[in-house]
Amino acid sequence: MLLITSTDTEAGKTVLTAALIAYGLKYHPQQNWGLLKPIQCGTGDREYYSQLFDRSIADINPIYLEPPLAPPIAATQTNVFIDLAVAWQALERMRQQSDFVLVEGIGGLGTPITDELVVADLARDWRLATVLVVPVKLGSIGTAVANVALARQYNVNLRGIVLNCPQPLTAAEIANFAPAELIQSLTSTPVLGCIPYLPDLQDLDLLAAAAADLELEILLPQLAASRLTAA
């Protein structure tokens with residue numbers, strides 16, 4: 001299982017999650033790829049995944065809150081109790097039925113899930129290997145450093161960082177905004193690649209190609225192991 005989290009909302013979690021699923025379906029169709037969005041507030045990710053991969057919204061997203069706000073605020077406004085046991089049970093069922101399960105978090109690593117817990121708590125308590133998505137923009141270095149420090153504070157099993165370009169950028173701009181070697185040096189965490197700006201997030205081949213350029217042997221070591229076993 002792998003948790004895809006980020007520095008903030010709109011950072012690129014959905015892009016990376018979709019790219020990894022598209023890669024798996026294209027190059028490893030014999031594997032069963034699970035996809036879970038444990039909590040969603042407002043419309044967006046679950047609807048996108050359901051349409052793109054022809055999956056049931058109910059299977060993708062066990063806990064849904066209508067207001068597009070942080071979960072504890074959305075829950076208060078709608079008088080709903082967030083029962084994380086429901087999400088955990090959905091994850092366990094999916095784990096038993098799948099070879100790989102990708103779990104997309106909500107917001108960033110420090111986003112509150114309840115009045116007491118943040119996404120980092122979930123990553124630790126559910127023992128999820130985690131990847132941190134960092135959007136390439138001015139300030140990326142500092143946010144990467146701060147979020148890796150947060151992951152360490154919460155004892156998150158952080159596998160690495162993936163950079164994501166939310167808008168078209170030149171190679172020089174990427175190097176200036178988010179130099180991989182500097183981020184790795186400051187965080188002691190591997191940068192596993194950079195997803196370029198993808199103009200069409202409905203294009204499965206484009207998504208799969210973006211994932212293929214990442215260091216998948218670190219991101220999904222079980223996939224590399226299965227390839228070696230098959231060979």
Side-chain angles (χ1 to χ4, degrees), residues 1-9 11-24 27-28 31-38 45 88 91-92 94-95 98-111 113 118-136 140-165 178-196 207-208 210-229:
M1 297 187 292
L2 180 70
L3 173 68
I4 292 91
T5 188
S6 63
T7 56
D8 201 352
T9 188
K13 296 186 303 297
T14 302
V15 175
L16 176 58
T17 304
L20 290 174
I21 292 287
Y23 175 88
Y27 295 106
H28 301 276
Q31 307 282 2
N32 189 355
W33 293 77
L35 172 57
L36 190 72
K37 177 83 175 182
D45 296 334
W88 169 254
L91 178 60
E92 278 293 283
M94 189 168 289
R95 183 182 64 83
S98 307
D99 297 295
F100 301 93
V101 179
L102 300 184
V103 182
E104 186 192 342
I106 185 168
L109 197 59
T111 294
I113 298 172
V118 298
V119 171
D121 285 298
L122 211 65
R124 178 197 61 226
D125 295 345
W126 289 6
R127 298 182 180 181
L128 295 172
T130 300
V131 60
L132 177 71
V133 180
V134 176
V136 179
S140 292
I141 301 170
T143 55
V145 171
N147 277 268
V148 170
L150 180 64
R152 292 205 174 106
Q153 177 186 342
Y154 279 81
N155 294 316
V156 173
N157 175 17
L158 186 61
R159 229 164 238 181
I161 294 167
V162 170
L163 304 174
N164 175 63
C165 297
E181 290 187 1
L182 179 57
I183 290 174
Q184 290 181 146
S185 175
L186 292 171
T187 63
S188 300
T189 302
V191 173
L192 305 177
C194 180
I195 298 178
L207 287 164
D213 286 337
L214 303 176
E215 293 189 35
L216 296 176
E217 66 278 5
I218 298 176
L219 198 57
L220 294 171
Q222 297 89 342
L223 183 61
S226 69
R227 286 202 298 261
L228 288 173
T229 301

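At a threshold of 4.5 Å between non-hydrogen side-chain atoms, the residues Y154 and V118 count as touching. At least one side-chain heavy atom of T189 sits less than 4.5 Å from a side-chain heavy atom of L158. A 4.5 Å side-chain heavy-atom check between L20 and L216 finds at least one atom pair inside the cut-off. Side chains of L91 and L128 form a contact here, defined as non-hydrogen atoms less than 4.5 Å apart. Two residues are said to be in side-chain contact when any heavy atoms from C-beta on lie closer than 4.5 Å; L219 and E215 fail this criterion. A 4.5 Å side-chain heavy-atom check between L35 and T17 finds at least one atom pair inside the cut-off. Side-chain contact between V162 and I195 is present, with heavy atoms from C-beta onward closer than 4.5 Å.
Of the possible polar contacts, none joining the E104 side chain to the K37 backbone as a donor-acceptor pair under 3.5 Å is found.
Checking T14 against D45 by side-chain atom types alone, a donor-acceptor pair falls below 3.5 Å.
Listed by chain and residue number, nothing satisfies the side chain to side chain contact (heavy atoms under 4.5 Å, CB included) test with D213 (two or more places apart in sequence, or in another chain).
Of the residues V136, L214, L192, the one that meets the side-chain contact (heavy atoms from CB on, under 4.5 Å) test with L163 is V136.
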As a quick check of understanding, evaluate side chain to side chain contact (heavy atoms under 4.5 Å, CB included) for I161 and T187, giving each step before the final call.
CA-CA 10 Å; I161 294 167; T187 63; 4.1 Å; yes
**Request:** Tell me, with the steps shown, if I21 and L102 meet side chain to side chain contact (heavy atoms under 4.5 Å, CB included).
**Result:** CA-CA 8 Å; I21 292 287; L102 300 184; 3.7 Å; yes
